[in-house]
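These notes concern the structure reproduced below.
Just so it is clear, the values below take in all heavy atoms, side chains as well, and ignore hydrogens, waters and symmetry mates. Chain letters run A, B, ... following the sequence lines, proteins first, then strands; residues in each count from 1.
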2 protein chains.
Amino acid sequence: MSITIKDVAKYADVAPSTVSRVIANNPRISEKTKEKVRAAMDELGYHPNFIARSLANQSTQVIGLVTPGSSDVFFQNPFFPTVLRGLSEGAHEKQYALQLVTGQNEEEIYNGVVQMVQGGRVDGVVLLYSKVEDRILIYLRDRKFPFVMIGKPFNFVDEITHVDNDNFQAAKETTEYLIEMGHERIAFIGGDKDLVVTVERLLGYQGALKQADIDQKEEYILHQSFLREGGQDAVCELMELPLEFRPTAMIVADDLMALGVLNTLNELGISVPEDISIISFNNVLMSEMSRPPLSSVDINIFELGYEASKSLIQRIEKPDEPFKRVIVPHNIVKRFSSGFIKL
Amino acid sequence: MSITIKDVAKYADVAPSTVSRVIANNPRISEKTKEKVRAAMDELGYHPNFIARSLANQSTQVIGLVTPGSSDVFFQNPFFPTVLRGLSEGAHEKQYALQLVTGQNEEEIYNGVVQMVQGGRVDGVVLLYSKVEDRILIYLRDRKFPFVMIGKPFNFVDEITHVDNDNFQAAKETTEYLIEMGHERIAFIGGDKDLVVTVERLLGYQGALKQADIDQKEEYILHQSFLREGGQDAVCELMELPLEFRPTAMIVADDLMALGVLNTLNELGISVPEDISIISFNNVLMSEMSRPPLSSVDINIFELGYEASKSLIQRIEKPDEPFKRVIVPHNIVKRFSSGFIKL
DNA sequence: TTGTAAGCGTTATCAC
DNA sequence: GTGATAACGCTTACAA
């Protein structure tokens, strides 16, 4: 149906292989024939067929994107579109396309990955999350299929190229900041316990407390899934504590959750930051727009995606280079939801 | 490298074509050989190579997704992840994969689409937007390449399969609702003027006013890009009007924008809904979480995506069926940002 | 019911 | 420098 390399060859009066070489800009072809062939391609409106090329090359120039099993929740979070933009930009620069694994649950997604990989649909895969035990990761690793991960691998840190923030340090600094503001009763509302990022941040939080000789309280550590309802439940739990044990500050895993927290506190007649300080993670667009504007740790989500694409493409094109770890800087953006403890 | 159909054939002691037929579940193959071949496939861990299959079939089982040129803005909006979920679910049901067109601006995206289409990477395309003049649409139409659009086509409505809300009606009902609440000075803050959805909603708004014999005021109609800053600018402009001309109600194109509006009004010391009623479109997660919770027109974004996938796949698989139009229902969710006009 | 062989549109290895 | 020709892994007439 479409114009093929053969049509161009005939039209330019050369062999198909010559046309192929012109496309690849092979230096052994004379400028003259190059011109001639290019003219023919323009004339006929030729576009190379990626599928045929992929088959011959054993390479597709496509990157597969894997979201966590609970993709509905994940998609809702502003993290997703931003990281996607980063991935897209990184891929585009190197002429790679992005393909999404579809599926409602873990099982479907796992099968989707296997199909993609074994089916030769993609040259590499980006895992947009890091979980504690992950079949997909194990599968990819066992097959030695090129992949990178956004987040810190739970195992084999040195054998998996990954792009991450220093979440331990970020949480530690955040906690220290609150301690400097005079807070000692600091709650930690983390995300899912089997997400590595949660674990890392919890450790950072605990590290800061220990260093400041502040006792840790079990009741201050809560885990909720990354959604606003989570935030609400957590607040209620904390606010049921006797007044003298209630936290004066809270570190929240995610801005969206923090929004829920803010709302719930508002309903309970507790003011932020007067009665309680809030600081969350991600610094998405909305964090500026809440009332009060949220203090939030900016983790450079776009950069995370961008670096992930670049690193994956490097792994695909130079598989023998060593695994690497890219740390994207974070910084605490202080707005109005956090401040000195009231006396 | 990988296990191919030939390996399976040898192992099962049949011809490659037989294996192929077993995969396709061709009824002319005896149950016995089917069993034998399947056993061999399991034994060897065979997975069909999609690329080769695509080349032979001239079909990829991949759907291309096209975002508007200003994809950074588009991605930020919660509309995107939700419609993506819908698309993903619809595609998954029919075993199609999703591929994203990458590119920062209109030009790059256009080129991306051409590459995708001519390169045979996708069997069809979903346009996630509808613009007034759109090169990409014209290109696809001219080539008679299967595509569907989310939104109402500006031209050729009967010759383009599309999935849309009845935006005219939705805006009309919304305006009528405000009129019933006693409002007459109703502002309309729309999105980009070259988006068809904006045009449609504006018409609905105007239709309702006319029907109620309310004079239209130029100053009440504003166009802003779909972002929160837009909302803020718009409010300032409206609030500079002399008190007796200030609108008592506003229809806002998008929840995110409405959030900006809400914030700005708050800063100006204007209360919602006491001083001014606000109602917006999309009903995304956050609309419940604002203070006050936003009244919002739910346009069933997920459904929009889901139906788009399904319709596209139908077009791909049955290209001779007539073009169709799918209207996804909307409904007005009344929360606390809108109410009776104060006396 | 199953096997043979051509073809899908490229690239790459030879020759010349 | 350029042209045949054989892959790449699968599907699908056409034969048997």
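Here Ser20(B) lies in heavy-atom contact (under 4.0 Å) with a base. Using a 4.0 Å heavy-atom criterion, one finds that Tyr46(B) contacts the sugar-phosphate atoms exclusively. Among the atoms of the strands shown, none is found under 4.0 Å from any heavy atom of Pro16(A). Among the atoms of the strands shown, only primed sugar atoms or phosphate atoms (P, OP1, OP2) are found under 4.0 Å from some heavy atom of Arg53(A). Among the atoms of the strands shown, only primed sugar atoms or phosphate atoms (P, OP1, OP2) are found under 4.0 Å from some heavy atom of Val14(A).
Scanning residues 30-45 of chain B for heavy-atom distances under 4.0 Å to DNA chain C yields Ser30(B), Thr33(B).
Counting to the nearest Å, the P atom of dA5(C) and the NZ atom of Lys6(B) are 13 Å from each other. When rounded to the nearest whole Å, the span between CG of Asp7(A) and P of dT10(C) equals 9 Å. To the nearest angstrom, P of dG9(C) lies 14 Å from CD of Gln118(B). Rounded to an integer number of Å, the gap from Ile29(A) CD1 to dT2(D) P is 5 Å. The CD atom of Gln58(B) sits 19 Å away from the P atom of dA6(C) (whole-angstrom rounding). Following rounding to the nearest Å, Ile5(A) (CD1) and dC8(D) (P) show an atom-to-atom distance of 19 Å. Remark: P of dG9(C) and CZ of Arg121(B) are 17 Å apart, rounded to the nearest angstrom. The distance between atom CZ of Phe50(B) and atom P of dT11(D), rounded to the nearest whole Å, is 11 Å.
Contact between Ile63(B) and Ala91(B) at its shortest, heavy atoms only, is CD1-CB, 4.3 Å.
Distance CD1/Ile138(B) to OH/Tyr110(B): 8.5 Å, rounded to 0.5 Å.
Toward the 5' end of DNA chain C, the nearer of the two residues Arg28(A) and Ala52(A), judged by each one's closest nucleotide, is Ala52(A). Between Arg21(B) and Leu55(B), it is Leu55(B) whose nearest contact on DNA chain D lies nearer the 5' terminus.
If one axis is set at each end of the helix from dT1(C)-dA16(D) to dC16(C)-dG1(D) from five pairs, those axes are 40° apart, to 10°.
Taking the six-membered ring for Trp and thresholds of 30 and 60 degrees, Phe80(B) and Phe80(A) have nearly parallel ring planes, at less than 30 degrees apart.
No hydrogens or angles were tested; on distance alone, a donor-acceptor pair under 3.5 Å links the side chain of Ser17(B) to the base of dT4(C).
With sequence neighbours excluded, the residues satisfying side-chain hydrogen bond (donor to acceptor under 3.5 Å, both in side chains) with Glu106(A) are Lys131(A).
For the pair Arg141(A) and Phe156(A), the cation-pi test (distance below 6.0 Å, angle within 45°) is passed. Figure legend: cation-pi geometry between Arg315(B) and Phe323(B), with NZ or CZ positioned under 6.0 Å from the six-membered ring centre and within 45° of its axis. A cation-pi arrangement is absent between Arg85(A) and Phe74(B) under the rule of less than 6.0 angstrom and at most 45 degrees off the ring axis.
Not one N or O on the side chain of His92(B) forms a donor-acceptor pair closer than 3.5 Å with the backbone of Gly90(B). Side-chain atoms of Gln115(B) never come within 3.5 Å of backbone atoms of Asn111(B) as a donor-acceptor pair (strictly under, hydrogens ignored). Asp123(B) places a side-chain N or O within 3.5 Å of a backbone atom of Thr60(B) that can act as its donor or acceptor partner.
Between Thr18(B) and dT2(C) there is no side-chain polar atom (N or O) within less than 4.0 angstrom of OP1 or OP2.
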